[in-house]
Number of protein chains: 2
Amino acid sequence: MSKVTIATVAERAGVSRQTVSNVLNTPQVVREETRERVLEAIAALGYRASQAARQMRTGRSRLIAVRIEPARDGINGSVLDRFLHGLTDAAAPAGYRVMLYTATDDTDEIATYENLLTSYDLDAFVLTSTHHGDARTSWLAERGVPFVTFGRPWGAPDTHSWVDVDNAAGTAMATRHLLDTGHRRIGFLGWPPGSGVGDARRDGWASTLAAAGVPGTGLDAATEDGIESGAAAVTDLLASVDALVCASDSLALGALRAARESGRPCTVIGFDDTAVAQAVGLSSVSQPLTQAAARCIDLLAGVLDRSAAPRQLLLEPSLVLRQSAAI
Amino acid sequence: MSKVTIATVAERAGVSRQTVSNVLNTPQVVREETRERVLEAIAALGYRASQAARQMRTGRSRLIAVRIEPARDGINGSVLDRFLHGLTDAAAPAGYRVMLYTATDDTDEIATYENLLTSYDLDAFVLTSTHHGDARTSWLAERGVPFVTFGRPWGAPDTHSWVDVDNAAGTAMATRHLLDTGHRRIGFLGWPPGSGVGDARRDGWASTLAAAGVPGTGLDAATEDGIESGAAAVTDLLASVDALVCASDSLALGALRAARESGRPCTVIGFDDTAVAQAVGLSSVSQPLTQAAARCIDLLAGVLDRSAAPRQLLLEPSLVLRQSAAI
DNA sequence: TCCAGCAACTTGAACGATCGAATGATGCCT
DNA sequence: AGGCATCATTCGATCGTTCAAGTTGCTGGA
């Protein structure tokens, strides 16, 4: 099984190297008959183009890079992991492979871009966890590096392609469900203002209550993400609500725990439909992560063409109902 | 910011291309003074070697491939994700990058190897989820492809390097803890015999009981992984045990649920210390996944040298104790 | 004095693909 | 028949690096 190059194939098919290359890259310029002969030779020899050689000539690597969060435990990390799974699945049929990198913060991530671009000639980046004043997108845009973000450009103009899940629609859906099932004192447990995602999730709750004419003022609390902090933040609130919409499953779990400890029954709905929600029977808003990943790959095709205008996609989450067991 | 190649650096430093290459790859053959001048030029120009060109010449890509499980929800999938995080972290300082691929089964995975090897010239593979009669390791070994497995070669001889966690030690630790805290009727909930990991976890429990002279016969159950199946499999057992060691957190959660429903108190210890265990306050055996990933990278260095003999590493898990809340 | 031996560096070729321009073959029009 | 456009294919150069084989200058031993 010696090395089979484009020259080997050319010799066997009785054509030149370039013709073989044309069969693979621009089939329309090759006569039908020749094309078939070449393809036959390719199959017979088990030829596969060397990415390294192709990459050196074209500058394209057919590799896209995605950041993976540093190893840490936790409930919410799994969301990005599921997105990553979807991305790998969707990239393969499109002829792309996913390469991972880590970074401690945005500045470090930008330094990594430089490294990866110059030494690996990456074709594109998929960014996650976009936030207000994100330095990464402007850096990439300035240098003309193709990229797609999972998460809209909070506050910045829509100059690039992105996919996002309608966070507000998710909490709105949860709130509406609680209204439909008879609840009238519905609170919200979220994160401190300033994060785009967190604010959107709060808005979904607030606007749904407002539209239904149900008062919500004073029925919300904000804290850092986490079970403990969620439980602590919600204790005061429990006296005045009988249902809670939460910005994450961690917070929801904290709320459930606090409710159980205080002895006050409270229906809780989380966000992200993590494994934990499944395990404890917690209703939760589910993001279509696999679909989001697939759309990112779709958009990337357009971005790599350079010709196509940037496109934006907002996906609808869904509500997964479970009989909320006390934790 | 035009392209800066090894020739640019050479010109600026007043030496030849090869000398620059030597500074980077075999510094000892270059005179101190020259070396510094070259390094200065590299820094000034921001030069970074093109992986594609290097790869074409050397056949090495500095890329290692790892399988990522297809997108699915669940509690146990997170274990491999955490391993993946650790691997990416550990690979970067060693000058390697991680590339992902998916595969539906072993046969499909082997087909993917062929693809990846011929077109991307991958340096090595890291395999996870090894099992009895694993076709993947023999395929790779036959072709001389460097690889390391996370998981020992169940049943097969130790002809390659691997890292594994001592599963039996984990359940032994859990069992011993239960004995120390006064339990005498300790059961085991695991998977059907045949899986190396599952059998090892059962053995740890059985041998510890035997060593302590505490009877365990008839106190174990086996079922497919999952909360529901775990709950179903353990109901009969609950009459005769007051503590359970489980092969996974999913099973442990099922056991907890069944115990709560039956009204019989039962101390439960899970395995893998997943986010779910954290969330519900379940004690669990924790695998040192970050460490395992780092060791895999270490071993890979030896494997890529070809000279070094295969090495094996067995890591000790630890027991994370929590006040087991009823679910 | 001469040349072997060494250290430090340089030069040409090669890896395997693609790009641009050139070549040969074919058909059509005048 | 000659000219010319069109299509299919070939040829030579090139991407950036490393390997193998020089070249140069210097030291020391016979």
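Letters A, B, ... are given to chains in the order of the sequence lines, protein chains preceding strands, and every chain is numbered from 1.
Of the candidates B:Arg295, B:Arg152, B:Gln291, B:Arg295 is the only one forming a side chain to side chain contact (heavy atoms under 4.5 Å, CB included) with B:Leu313.
Here B:Ala49 lies in heavy-atom contact (under 4.0 Å) with sugar-phosphate atoms only. Using a 4.0 Å heavy-atom criterion, one finds that B:Thr58 contacts the sugar-phosphate atoms exclusively.
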Output a table of donor-acceptor pairs, distance under 3.5 Å, between side-chain atoms of residues 43-56 of chain B and any protein atom two or more places apart or on a different chain; print 'none' if there are none.
{"residue": "B:Arg48", "atom": "NE", "partner": "A:Thr118", "partner atom": "OG1", "Å": "3.4"}
{"residue": "B:Arg48", "atom": "NH1", "partner": "A:Asn115", "partner atom": "OD1", "Å": "3.1"}
{"residue": "B:Ser50", "atom": "OG", "partner": "B:Ala52", "partner atom": "N", "Å": "3.4"}
{"residue": "B:Ser50", "atom": "OG", "partner": "B:Ala53", "partner atom": "N", "Å": "3.1"}
{"residue": "B:Gln55", "atom": "NE2", "partner": "B:Tyr120", "partner atom": "O", "Å": "3.0"}

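With rounding to whole Å, B:Arg17 atom CZ is found 15 Å from D:dA20 atom P.
Put simply, the side chain of A:Arg57 and the base of D:dT14 share a donor and an acceptor less than 3.5 Å apart. Donor-acceptor pairing under 3.5 Å, judged by distance alone, is present between the side chain of A:Gln18 and the base of C:dC19.
Salt bridge annotation for A:Glu40-A:Arg37: absent, with no cationic side-chain nitrogen under 4.0 angstrom from a carboxylate oxygen.
For the segment residues 23-35 of chain B, residues with any heavy atom less than 4.0 angstrom from an atom of DNA chain D are, sorted by number, B:Asn25.
Geometrically, B:Arg67 does not engage B:Tyr101 in a cation-pi contact defined by less than 6.0 Å to the ring centre and at most 45° from the axis.
Taking every side-chain heavy atom of A:Ser21 into account, C:dT18 is the closest of C:dT10, C:dT18, C:dG16.
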Kindly give the atom pairs (protein nitrogen or oxygen, nucleotide nitrogen or oxygen) under 3.5 Å for nucleotides 23-28 of chain C.
none

